[in-house]
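Everything on this sheet refers to the single structure shown next.
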Amino acid sequence: MKSTLRVRFAPSPTGYFHVGGARTALYNWLIARKAGGSFVLRIEDTDEARNAEEWVEGILSALTWLGISWDEGPYRQSERSELYARAVARLIDEGNAYWCGCTRDEIDQRVKERGGPPGYDGYCRNRNNPRTPDSALRFKIPRPGQTVVHDKIRGDVVFDHENLDDFIIVKSNGSPLFVLANVVDDMDMKISYILRAEEHLPTTPKAILLFQALGMEELPVFAHVPVLVNAKRQKLSKRRDRVAVEDYREMGYLASAMVNYLVLLGWSPGGDREFMTIEEMIELFDIDQVNHSPAFFDEKKMQHFNGVYIRELSADEFVNYCLPFLEKNDWWQGSVKQLEVFSKIAPLVQERVSLLSEASGMVGFLFQSDIEISSDLADSVLRKDPKSAQIISDISEIYLNLSEFKAEQLHDATRRYCDSIDTPLRKVQAPIRVALTGSKVGPPLFESIELLGKKATLQRLVSAGELIGIRNT
Ligand code: GLU
């Protein structure tokens, strides 16, 4: 039987979908899945000036990519204004809201003159004020009094009503404010559990007062998850830090790795355990163990997770995950031949990358008709060591005479050559790798040379030789 637990994820589509939002969505989703309840998706798009349809699409596609599926919605607040209007009428009728034309300065001045804490008796509070073009609708906070938020993560948080504003619920232009629409929807959608970002905690007593004024008998459970901070312990910000889920997706993160990393931002299953499948997360996740201190969003650690997840893919899965990244390059046509070559090198690349996007950088040399060697690399690897010119020239000769152009023979021949000039293999490999791939790092060299083939290998060795001034005779 379906449980009556109902959670919601209620993003405002005002920008790229933030990793903090993804973590909030994930926790809600885990709670719903564990209890067999429902996960409702609600787009909070009442702020016309800041919303855009592209952000809505971004949220839906990021959630889908992460595997966070919704049971209901997406509902859009912009399509539900009638409901808010009815709630507003009720609040006015029952004396819980009043039109007020006071400016912020006037209110502050009055508070100052009368003394007392902010919010105390600073408002006109005349429920019979007529509505004028400049007036906004304020909720009338009952004073004196206090509201206690029973928070699953922070315990009881007490708010004295003297410190709460008679907050605006409808702007002068008639549009409902966030807290009103949010509460009316939570009631209408029978949300029983509200898990959201810590930044909303100061709004929660206002939400509770609204719930009560609108006749809600049983309040939902509240849980405010900790903020995410960067290495300097600053709150993650989209201006300073990389926070968009979409960016990580484009860099070549696997959704499974990202979800596993995100779940640990504020929670741990206990012990040293960090890696979990989705099923294990659903089973183990426990809101009572979520920490209230800020969680460090450590991109390096997330990338390490991604590498671990990449290595766990089957060879075919890895190839398929790499395809969209290969397709971004003009040298990739996706022909049967190219796929065959990539499939051969892929297992070696899989061992060496922690982002899918790194794979195409490592294999491009196999598919380009010509490679470019940067002047930096030419100087530092090919020209600096006087031996390099000799190595390139000798190796060209040796490879030319190989009857079988396979990794093993290439390896043996190169090793014999190293012994003959009394130089370690790694020193000989460096100029060869740069000559053939245009890079200092990449998949294992001899397998790469085999795949590149004899003709291209010899051509590139000649070109590299020319670059460092070896004359062909
Ligand atoms: N729309 C709010 C936001 O995106 C969320 C409000 C809530 O979860 O209650 O921050």
Side-chain angles (χ1 to χ4, degrees), residues 5-32 38-60 62-63 68 70 72-81 83-84 87 147 149-154 157 167-169 171 175-211 214 216 219-228 235-238 243-246 266 287 290:
L5 181 127
R6 290 173 62 81
V7 298
R8 79 327 190 249
F9 178 55
S12 305
T14 55
Y16 283 110
F17 187 44
H18 192 288
V19 285
R23 193 260 323 249
T24 302
L26 175 63
Y27 280 10
N28 273 297
W29 186 84
L30 291 173
I31 289 173
S38 300
F39 178 97
V40 177
L41 178 60
R42 181 171 82 221
I43 305 296
E44 303 213 316
D45 55 354
T46 49
D47 187 347
E48 266 174 46
R50 294 175 64 219
N51 297 321
E53 194 50 33
E54 64 176 297
W55 304 131
V56 177
E57 279 156 24
I59 293 167
L60 302 186
L63 287 174
I68 301 177
W70 49 95
E72 278 178 41
Y75 298 110
R76 287 170 185 252
Q77 290 191 324
S78 54
E79 291 165 3
R80 298 167 59 81
S81 33
L83 211 64
Y84 313 137
T147 292
V149 178
H150 302 291
D151 189 281
K152 286 290 260 179
I153 298 172
R154 333 201 122 241
V157 189
F167 55 98
I168 295 179
I169 50 180
K171 285 198 262 189
S175 59
L177 257 102
F178 155 71
V179 63
L180 177 81
N182 185 265
V183 160
V184 170
D185 278 343
D186 282 339
M187 283 182 76
D188 184 64
M189 295 172 189
K190 303 196 170 32
I191 300 303
S192 60
Y193 201 125
I194 295 179
L195 179 146
R196 59 183 171 184
E198 185 183 311
E199 67 193 29
H200 293 295
L201 182 60
T203 314
T204 305
K206 300 176 184 174
I208 290 177
L209 289 167
L210 269 174
F211 276 132
L214 290 168
M216 175 96 146
L219 287 175
V221 173
F222 286 99
H224 288 88
V225 293
V227 284
L228 303 186
K235 188 174 174 212
L236 280 198
S237 112
K238 57 182 165 195
V243 296
V245 173
E246 196 56 32
I287 195 72
V290 173

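FYI, the numbering just counts along the sequence from 1. We count ligands from 1, going down the list as the structure has it; atoms in each ligand are counted the same way. Keep in mind the model is a prediction, meaning the values are calculated, not measured.
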Candidate list Leu195, Thr204, Val290, test side chain to side chain contact (heavy atoms under 4.5 Å, CB included), partner His224, passing option: Thr204
message: Can you tell me which residue among Leu26, Ile68, Thr24 is in a side chain to side chain contact (heavy atoms under 4.5 Å, CB included) with Phe9?
response: Thr24
task: Would you check if the distance from the ring center of His200 to the ring center of Phe178 is below 6.0 Å?
output: yes
field: Arg8 vs Asn182, side-chain contact (heavy atoms from CB on, under 4.5 Å): CA-CA, chis, key distance, verdict
entry: CA-CA 11 Å; Arg8 79 327 190 249; Asn182 185 265; 3.7 Å; yes
- prompt: Should Glu53 and Arg76 count as an ion pair when the cut-off is N to O under 4.0 Å?
  reply: yes
query: Angle class for the Tyr16/Trp55 ring planes (parallel below 30°, perpendicular above 60°, tilted otherwise)?
result: perpendicular
Dump the pairs for me: ligand 1 N or O, protein N or O, distance under 3.5 Å, to 0.1 Å.
| residue | atom | partner | partner atom | Å |
| --- | --- | --- | --- | --- |
| ligand 1 | 1 (N) | Ala10 | O | 2.7 |
| ligand 1 | 1 (N) | Ser12 | OG | 2.8 |
| ligand 1 | 1 (N) | Glu44 | OE1 | 2.7 |
| ligand 1 | 4 (O) | Ser12 | N | 3.1 |
| ligand 1 | 4 (O) | Ser12 | OG | 3.2 |
| ligand 1 | 8 (O) | Arg8 | NH1 | 2.8 |
| ligand 1 | 9 (O) | Arg8 | NH1 | 3.3 |
| ligand 1 | 9 (O) | Arg8 | NH2 | 2.7 |
| ligand 1 | 9 (O) | Asn182 | ND2 | 3.1 |
| ligand 1 | 9 (O) | Arg196 | NH1 | 2.7 |
| ligand 1 | 10 (O) | His200 | NE2 | 2.9 |

